[in-house]
Number of protein chains: 2
Amino acid sequence: MPTMTAERRRAEAKREYDAFMADCPSRKLLDRISDKWVALALASLAEGPHRYSELSRRLAGVSQKMLTQTLRTLERDGLVSRVVTPSVPVRVDYELTELGHSLQETMLVLKGWAEAHMDEVEAARTAYDAAS
Amino acid sequence: MPTMTAERRRAEAKREYDAFMADCPSRKLLDRISDKWVALALASLAEGPHRYSELSRRLAGVSQKMLTQTLRTLERDGLVSRVVTPSVPVRVDYELTELGHSLQETMLVLKGWAEAHMDEVEAARTAYDAAS
DNA sequence: CTGTATCCGTATAGATACTG
DNA sequence: CAGTATCTATACGGATACAG
């Protein structure tokens with residue numbers, strides 16, 4: 001239906017897909033985006049395009065394998081676009097697509113939540129461990 | 001500093017903790033909450049308290065082991081509280097704590113995003129696979 | 001610089017059986 | 001009903017070596 005607005009289509013999708021269902025495709029998608037490296041990559045790209053090496057430094061501790069794998073998946077899923085400049089040596093930039101942009105804010109919130117509530121969580125852990 | 005407001009302390013924490021850093025505690029916390037079952041559990045509990053068996057049905061496909069493990073971790077981290085009614089048979093309800101409540105909305109957004117953008121992601125995958 | 005390929009240990013997650 | 005315990009498969013992720 002080409003006359004549907006984007007909002008209308010999204011509302012439609014919300015009725016069709018349900019991640020609570022085991023074999024709903026959205027369950028797998030939720031699994032994919034529920035990932036530390038995805039969250040950090042999108043959070044980093046939220047600031048603007050980044051080169052591969054910049055991301056590698058920003059996401060401290062990420063292995064080449066995981067970074068590449070994460071970026072490939074994000075590219076395939078349409079969240080990120082890969083821009084190659086055929087210089088010598090080659091330069092590759094990654095940037096958020098419109099779709100990626102729509103998720104980036106949530107990832108920033110998620111990352112921010114972990115940072116903001118770290119102390120409370122540690123206090124809860126101490127209390128829990130003391131009780132047992 | 002007992003005179004700090006909650007907001008002030010949280011802002012303080014945001015400067016102290018940085019999930020981009022490999023060995024920042026918040027990195028591990030981000031890893032923990034970036035989890036399919038955590039997202040679905042919090043999304044379910046957002047509606048109100050649930051019994052163990054209700055969660056088991058709601059989070060279709062979850063194994064007893066993963067459900068228990070997820071709930072234990074959430075309890076230890078202070079996101080969920082476990083309420084035992086010592087009847088026969090015993091009844092156990094799980095409900096969000098205040099801390100859990102502060103994350104639940106983000107998890108609903110994450111789950112909703114997966115459901116709302118499923119079609120776009122599948123289209124992107126088809127396009128990507130066709131290009132290669 | 002931006003990857004790919006391979007090896008390998010570990011953590012994860014499912015299945016199954018059993019318990020207060 | 002609400003778990004615990006154990007076994008096993010495999011997927012995840014890190015380290016290393018190599019390449020366009």
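The structure displayed is predicted, hence computed values, not measured ones. Quick note on labels: first sequence line is chain A, next is B, and so on, each numbered from 1. Values below: all heavy atoms of this structure, side chains included; hydrogens, waters and symmetry mates excluded.
The side chain of A:Arg72 places an N or O atom within less than 4.0 Å of a non-bridging phosphate oxygen (OP1 or OP2) of C:dG3. Taking only side-chain nitrogens and oxygens, A:Arg51 never comes nearer than 4.0 Å to OP1 or OP2 of C:dC1.
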Grab the N/O contacts between the protein and nucleotides 17-19 of chain C below 3.5 Å, and write none if there aren't any.
none

Give me, pair by pair, the N or O atoms of the protein and of nucleotides 7-12 of chain C that are less than 3.5 Å apart, along with how far apart they are.
none

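Note: CZ (B:Arg58) to P (D:dA2) measures 16 Å, nearest angstrom. One atom, CZ of A:Arg91, and another, C1' of C:dG3, lie 16 Å apart when rounded to the nearest Å. Here the P atom of nucleotide C:dC1 and the CG atom of A:Leu67 are 14 Å apart, to the nearest Å. When rounded to the nearest whole Å, the span between CD of A:Glu75 and P of C:dT2 equals 15 Å. Remark: P of C:dA13 and CG of B:Leu59 are 13 Å apart, rounded to the nearest angstrom. Computed from coordinates, the A:Leu55 CG to C:dG3 C1' distance equals 14 Å when rounded to whole Å. Between the OH atom of A:Tyr52 and the C1' atom of C:dT4 there is a distance of 10 Å, given to the nearest Å. In this structure, B:Glu54 places its CD atom 16 Å from C1' of D:dG3, rounding to the nearest Å.
Each of C:dT4, D:dG3, D:dG14 was ranked by its minimum atom distance to the side chain of A:Ser63; first place goes to D:dG14. The listed nucleotides are C:dG3, D:dA2, C:dT2; the one nearest the side chain of A:Val90 is C:dT2. Checking D:dA2, D:dG3, C:dT2 against the side-chain heavy atoms of A:Ser53 singles out C:dT2 as nearest.
A:Arg27 places a side-chain N or O within 3.5 Å of a backbone atom of A:Phe20 that can act as its donor or acceptor partner. Side chain of A:Ser26 to main chain of A:Leu29: no donor-acceptor pair is present (N/O by atom type, distance under 3.5 Å, no hydrogens or angles). Judged by distance alone, with hydrogens and angles left aside, the side-chain atoms of B:Thr126 form a donor-acceptor pair with the main-chain N or O of B:Glu122 at under 3.5 Å. Checked by atom type and distance alone, the side chain of B:Thr97 pairs as donor or acceptor with a backbone atom of B:Gly78 at under 3.5 Å. Judged purely by atom type and a 3.5 angstrom limit, B:Ser102 uses its side chain to pair as donor or acceptor with the backbone of B:Leu99. A distance-only check finds a donor-acceptor pair linking the side chain of A:Glu115 to the backbone of B:Ala19 [under 3.5 Å].
The pair B:Asp77-B:Arg72 fails the salt-bridge criterion, with no side-chain N (NZ, NE, NH1 or NH2) lying under 4.0 Å from an Asp/Glu carboxylate O. Under 4.0 Å is where a charged nitrogen must lie from a carboxylate oxygen, and between B:Arg58 and B:Glu54 no such pair does. At a threshold of 4.0 Å, the pair A:Asp18-B:Lys111 counts as salt-bridged, since one of the basic side-chain nitrogens sits closer than that to a carboxylate oxygen. At a threshold of 4.0 Å, the pair A:Arg76-B:Asp129 counts as salt-bridged, since one of the basic side-chain nitrogens sits closer than that to a carboxylate oxygen.
Across A:Asp35 and A:Trp37, no two heavy atoms sit closer than the pair OD2-N, 2.9 Å.
Inter-axis angle, ends of the helix from C:dC1-D:dG20 to C:dG20-D:dC1, five pairs per end, rounded to 10 degrees: 50°.
The 12-atom threshold is not exceeded at CZ of B:Arg32, counting heavy atoms of other residues, nucleotides or ligands nearer than 6.0 Å.
Nearest-nucleotide assignment on DNA chain D puts the 5′-proximal partner with B:Pro89, out of A:Asp35 and B:Pro89.
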